[in-house]
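Below is one structure, written out as structure tokens; the observations come after it.
Every number for a ligand or one of its atoms is a count from 1 in the order of the listing. By convention here, the first residue in the shown sequence is residue 1. Computed from a predicted model, the values in this text were never measured in an experiment. Any value given below was found using the heavy atoms of this structure, including those in side chains, with hydrogens, waters and symmetry copies removed.
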Amino acid sequence: MNAVNLKKNPIGIFDSGVGGLSVLREIRRELPGEDLLYVADSGHAPYGDKSVQLIETRAIAIVEFLVSQNAKAIVVACNTATSAAIATLRAKFPVPIIAMEPAVKPAAAHTKSGVIGVLATSGTLASDNFAKLHNRFGADVKILIQACPGLVEQVEAGDLSGSKTRALIAQYVTPLLEQGADTLVLGCTHYPFLAALIHQIAGPTVAIIDPAAAIARELRRRLTSAKLLSVENRAGSERFWTSAAPDVTRPVIFKLWQMEVDVQSLPN
Ligand code: DGL
């Protein structure tokens, strides 16, 4: 297939579950004409406490599936999967692969107090990738890290504002504020769906940084330089797959995507 035809092909996006929809919505905003394929690996969420090997195996299987659906580029809409598998994915698949990392750089540029808090999964915070980020920016600002077990599960269950979700956020965010953080990094793609609650708990003076819009712009740049940007003059489509039971994931995708869409079972 030549590059002219590839421009019409879809973009594949995946996450351990529904969290990557926070990235998908920014991609939809940035690239309204592109067709988008989304895989929620909800049958294996959360990735945060899984082994690197398991996450790598899942990421390879999902990217193989997306490539079989003619994906012209891949977005790893998951910080944990990026930490565990990005080098392997890039070595294995020849398509452009865009990946997430906690937005420490913009947070370090934004903080006035000189203290930032990073909310992420324990897998992301323990990774070499994060150690490199820490080394790069930790001399300029104080970087507080906070793993948030349980939050991904709350979002996977569609509970964005209940008492358990609120209590978990208070438990994780309050110590960061007490240590002077004025800027919080959402280092997991599930957390933007909790941003309203995090804002409520942290108060109006604390900045919350979500890199999803920057990732969507980076995707546009990568597609443009690879001559893969769609030139179709029409609204793009979205297709959804899940590795959990579609009847379980479907209502959560409806809620987060704010539209009724077809959700299919991810083939094994
Ligand atoms: N959305 C994933 C991330 O960005 C969540 C990881 C998990 O499933 O624990 O890290």
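Per-residue contacts place Asp15 under 4.0 angstrom from the following atoms of ligand 1 (heavy atoms of the residue considered): 1 (N), 2 (C). Close approach to His190 involves these atoms of ligand 1, each under 4.0 Å from a residue heavy atom: 1 (N), 2 (C), 5 (C). Heavy-atom contacts of Cys188 reach the following atoms of ligand 1: 1 (N), 2 (C), 3 (C), 4 (O), 5 (C), 10 (O) (cutoff under 4.0 Å). Within the listing of ligand 1, atoms 5 (C), 7 (C), 8 (O), 9 (O) sit less than 4.0 angstrom from a heavy atom of Val152. Ligand 1 places these atoms under 4.0 Å from at least one heavy atom of Tyr47: 7 (C), 8 (O), 9 (O).
For ligand 1, the polar-atom distance check finds an N/O of Ser16 within less than 3.5 Å of one of the ligand's N/O atoms. For ligand 1, none of its N or O atoms has an N or O atom of Thr124 under 3.5 Å away. For ligand 1, the polar-atom distance check against Gly48 finds a nitrogen or oxygen pair separated by under 3.5 Å.
Using a 4.0 Å cut-off between heavy atoms, Thr80 contacts ligand 1 through both its backbone and its side chain. At a heavy-atom distance under 4.0 Å, only side-chain atoms of Thr121, from C-beta outward, approach ligand 1.
The two residues Ile215 and Ala99 make their nearest non-hydrogen contact at CD1-O, 3.4 Å. Among all heavy-atom pairs drawn from Lys50 and Ile55, the shortest one is O-CD1, 3.8 Å.
No side-chain N or O of Thr82 forms a donor-acceptor pair with one of Glu101 less than 3.5 Å apart. No side-chain donor-acceptor contact under 3.5 Å links Asn129 and Ser83.
Not close to ligand 1: Gly17, with no non-hydrogen atom less than 4.0 angstrom away. For Pro46, the heavy-atom gap to ligand 1 drops under 4.0 angstrom.
Screening Ile209, Ile198, Asp210, Ile116 for a side chain to side chain contact (heavy atoms under 4.5 Å, CB included) involving Leu184 leaves a single residue, Ile198.
Taking the six-membered ring where tryptophan is involved, the planes of Tyr38 and Phe240 are tilted, since the angle between them lies from 30° to 60°.
Under the 4.0 Å criterion applied to side-chain N and carboxylate O atoms, Arg220 and Glu34 are not assigned as salt-bridge partners. Note on Asp35 versus Lys72: no salt bridge recorded, every NZ/NE/NH1/NH2 to OD/OE distance being 4.0 Å or above.
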